[in-house]
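This report concerns only the one structure given below.
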Amino acid sequence: MSLGQLHYTSAPPGPDGSGFRFTALTPGLPQSVLREAEQLIGYEPPRNAPARPSAAELDAFPRAFSYSELSDGSRLLARTVYTGADYSGRWGNFHAHAVHLAPGQRLPDGALPVSAWESPGWATATPEGSAPPPLSALPPSSGLDRDGLIAFAASRAPWLAAVFTDLQRQTEDETAPQIVLVERDSADVARWVVLASTVLPRTAVHRLTFTTYTRRPHLAGQRIIGVLPDDAHGLAGSGRRHRVHDCAVPPAPDGPEPTPWAVAAARIWSAGAIELFQYADRLPGEPFTPGPLSALALCAGIDLPSPHRTAAARWACEHPSELSQEELEGLVQTLAEPGYTSAETRHTPVEPGQTSAEPVHTPTEPWPTPTAPQPGEAPLPAAETGARTGARTETGTGTTPPAETTPPAEAAALAELFARVGGALRPEIAAPLAARLFTAAVRSAEPVRPPDRGALTDEVARRLAAELGPELRAGIADAAADTGRALRLLRVAGALGVDCADLVPSLAHRLASALLADPSAYGGELRGTLADRPDLRAALLRELDAAAGAAPASVTVLLERAPLELESPEALPYLRMCGRIARSPSGGGDGTGTRDRTGELRAVLGAAGVSVVAHPPLLRIAFRLVWGAATPTPEEARYVLAEQGADLHRTAETWPFLVTAALNGRPGDPHTDELAHELLTAFPTLLPPRDRAALLLLEFARDLRAGGAEPGWVDRVLGLRRAAEPVSPPVLEHVFGRLARQLVHDPGSGRELDDLIRGNDADLCAAYEQAAREDSVRDRLRRDPHYLAARFVDWNAHPQAGGAWGKVRGPLLDGVLRPAVRALGAQELAAVEAALTERGGRYAEDFRAWNRPGALSRLGLRFGSRDNRTPGRRRGGDS
């Protein structure tokens, strides 16, 4: 490899002119490179520099060491120093020596550009001859020794993370601001570049341009720019183009938040474990992710904040094979202990005017070029690094201080790491981390799953129980806290042997209330805890059994949605009945009446596991479970009454269900009035007067249907109606319908129709008209002349009665009887007139007049007073 050389200074007149010019060039360098280089290698002395410096003062002038990118993609590495007077004795001369790297070319052996700071290969004067040969190498500097760099990093700890953050942003975004480092010594800027070159990924280091000194930072194009304090004032407010880090004054406390990667890199440099950067560069992971670097730092015992501990644990979970067993144990040891104060604050800040912590101009050890490690190479072991950096390497007691609270994200990552690698660790290494997870499970606001009890040694478990016992009991007993947290604490208490048996009943009561309010609360946490704590499971089942006795529907819904196991040596009859309904194929009752609900009632009572005779309230709960808000049908009620017996229903107080079934029965259903008769017989003293009267109405309908009712039907029905007011519509429709059909088809031997007319009950009269309009009546009117004659006599009765009868009489004659008469033939009409003649009086004559065409005859008949001419004649006769 060959590096073309350039020398530039003020020279006496010659073929190329006089003054500042290139005085020596390696042949073949393009003119475009020379034009750009001339703009980059100039030098202006510091503002307060002496005009005529002595030799000692001249040596203290800043050195402009730069690495720049040219427009053609090539690079220029240059060193410019102030030399004082030129050949003519005029002050202000400087000498620049530069080497040119073609596009894609690097320094020999992959050396980084900053390693050539103060290299012995730099010349301070133009060599003899005008065509220096290409350089084969630039020996690394002896002024950047390892110990000096570590001391310098420690002295710049307050600024490290901020500068590294800006480096990361520059690498990720080419438009990011330039970094301006304000230092009193250009050598300190070079040290900053070394620090930057060490932390950046290898692919980015060779693209990092810099200059250690310039008087005009606004004109500098490098990514890192070094200036003296006097030259930094004009950069105030230029944050969009420059990020200024003035190391001569303390950093501003309100600066931008450093990135996690930058914080980790700063901690490692402060600890002096620079080998970790080489190691991290070949570990899997995206550039600038904090996981790999943080994991290596923690392996070496370097403390990092919680986000880095979280990132390291997650990275180690994803790449456990990347760490040796020794490194993994070092990582676990560090993670097992709570985080400390940030590394930056553990260093003494540099006072204004101070440069590095110790002189580094006389190195004792050359700084190694940070190239990729050779195969098999690894960073220093954790113990060795810890001894060198003063980091902690002991595991401690395995328990955390009472005031320490692990952040939720870190606790989750530690739990994941322990689950991933805990089984591969020695007990004395695993126990402290397990103890920290147990502590986090108690003190963290978010759920933390601790490992199994076997991860703790007996000694550590005893210490944890003594330390965490009061917190565990207080957390479990806290009624205002989330039940999920109480469950987690109960499991921890069980693992540590902390007695909390006296707190289980109250927790079970809270759990039952929470489950009834939201069945989805029965999740993995509760299921797992119930499996671990049989005492909690038993207490919870008892609470749900009690709830089932008061609100069976809610418990049934819970059991439908939550797979709660009901196996228990205890009876729990109410809970078992709810479980039978919830988990039966037909479900919990739909009120349609299409299911065999009496069979379900037997099954539910059988599921209780105890005798309903010995525990009558079971029958009431079973009724509510099977029928819910619906009402049994009269047929179902009759069956249940017969199967269970009146005495049990009386004791269980379920007889009101049966009464409701009768009062709400479907009109026309013979089971309705049969049920009423059975209820009057079974519960004669329990029935309220109004319900009793309503049942008597239904029983009368039964007697009427059976033909056993004594005369005086209408008066009895209307009297019972008044006693039962307000009567449910189904009862009224059932009884009035039965009575009306009886009056229409067979009025009996009494004066029932006269009683109906006199009673003036609109509902009964309406039911009579409805019954008269049934198809069976129409058919009979056309088939039976005697039946038609009887209805003509009945419906002509009391033409001037008015009221409810007056409203139905005309519609009956015109809407029911006349269409039937018009459908008759002459022979059939004659038979009707003959039947009316047999009744005597003027019925046949009135019928012929009524049936004669014309409205006047009908009106005369309708509003006449023929009844007054035969006052002794009974209205209505046998059909």
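The backbone N or O of Gly802 sits nowhere less than 3.5 Å from a side-chain atom of Trp805 that would complete a donor-acceptor pair. Of the possible polar contacts, one joining the Ser513 side chain to the His509 backbone as a donor-acceptor pair under 3.5 Å is found. Side-chain atoms of Arg773 never come within 3.5 Å of backbone atoms of Val816 as a donor-acceptor pair (strictly under, hydrogens ignored).
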Next on the checklist: Could you walk me through whether Arg692 and Leu680 satisfy the side chain to side chain contact (heavy atoms under 4.5 Å, CB included) test, starting with their C-alpha distance in whole Å, then the side-chain angles of each, then the deciding distance to 0.1 Å, before giving a yes or no?
Outcome noted: CA-CA 7 Å; Arg692 179 179 177 80; Leu680 288 168; 4.0 Å; yes

Next on the checklist: Assess the residue pair Leu704 and Val717 against the criterion (side chain to side chain contact (heavy atoms under 4.5 Å, CB included)); give the C-alpha distance rounded to whole Å, side-chain angles, the decisive distance to 0.1 Å, and a yes or no.
Outcome noted: CA-CA 11 Å; Leu704 195 63; Val717 166; over 6 Å; no

Checklist entry - Is there a side chain to side chain contact (heavy atoms under 4.5 Å, CB included) between Val777 and Tyr787 once you walk through the steps? => result CA-CA 9 Å; Val777 174; Tyr787 181 73; 3.8 Å; yes

Item to check | Candidate pair Leu695 and Leu663, rule side chain to side chain contact (heavy atoms under 4.5 Å, CB included), full reasoning | outcome: CA-CA 7 Å; Leu695 292 175; Leu663 299 182; 4.1 Å; yes

Checklist entry - Could you go step by step and tell me if Arg542 and Asp545 meet the salt bridge (Lys or Arg N to Asp or Glu O under 4.0 Å) rule? => result CA-CA 5 Å; Arg542 286 193 294 270; Asp545 185 64; over 6 Å; no

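More than 12 heavy atoms of other residues, nucleotides or ligands sit less than 6.0 Å from atom CD of Glu833. Counting heavy atoms of neighbouring residues, nucleotides and ligands inside a 6.0 Å radius, atom CD of Glu725 exceeds 12 of them. Other residues, nucleotides and ligands contribute at most 12 non-hydrogen atoms within 6.0 Å of the CD atom of Glu653.
Side-chain contact between Gln644 and Leu658 is absent, with no heavy atoms from C-beta onward closer than 4.5 Å. Contact check for Tyr639 versus Arg597: no side-chain heavy atoms found under the 4.5 Å cut-off. Looking at heavy atoms from C-beta onward, Leu536 lies in side-chain contact with Leu511 at the 4.5 angstrom threshold. When side chains are defined from C-beta on, Ser776 counts as touching His745, because their heavy atoms get closer than 4.5 Å.
Between Arg705 and Glu674, at least one side-chain N (NZ, or NE/NH1/NH2) sits under 4.0 Å from a carboxylate O, which counts as a salt bridge. Using a cut-off of 4.0 Å between Lys/Arg side-chain N and Asp/Glu carboxylate O, Arg758 and Asp755 are scored as salt-bridged. Under the 4.0 Å criterion applied to side-chain N and carboxylate O atoms, Asp761 and Arg721 are assigned as salt-bridge partners.
A side-chain N or O of Arg809 and one of Asn796 form a donor-acceptor pair less than 3.5 Å apart.
Between Phe792 and Phe847, the ring planes lie perpendicular to each other; the angle is over 60°, past the 30° to 60° tilted range.
If you take CD1 on Ile476 and CZ on Arg488, they are separated by 11.5 Å, rounding to the nearest 0.5 Å.
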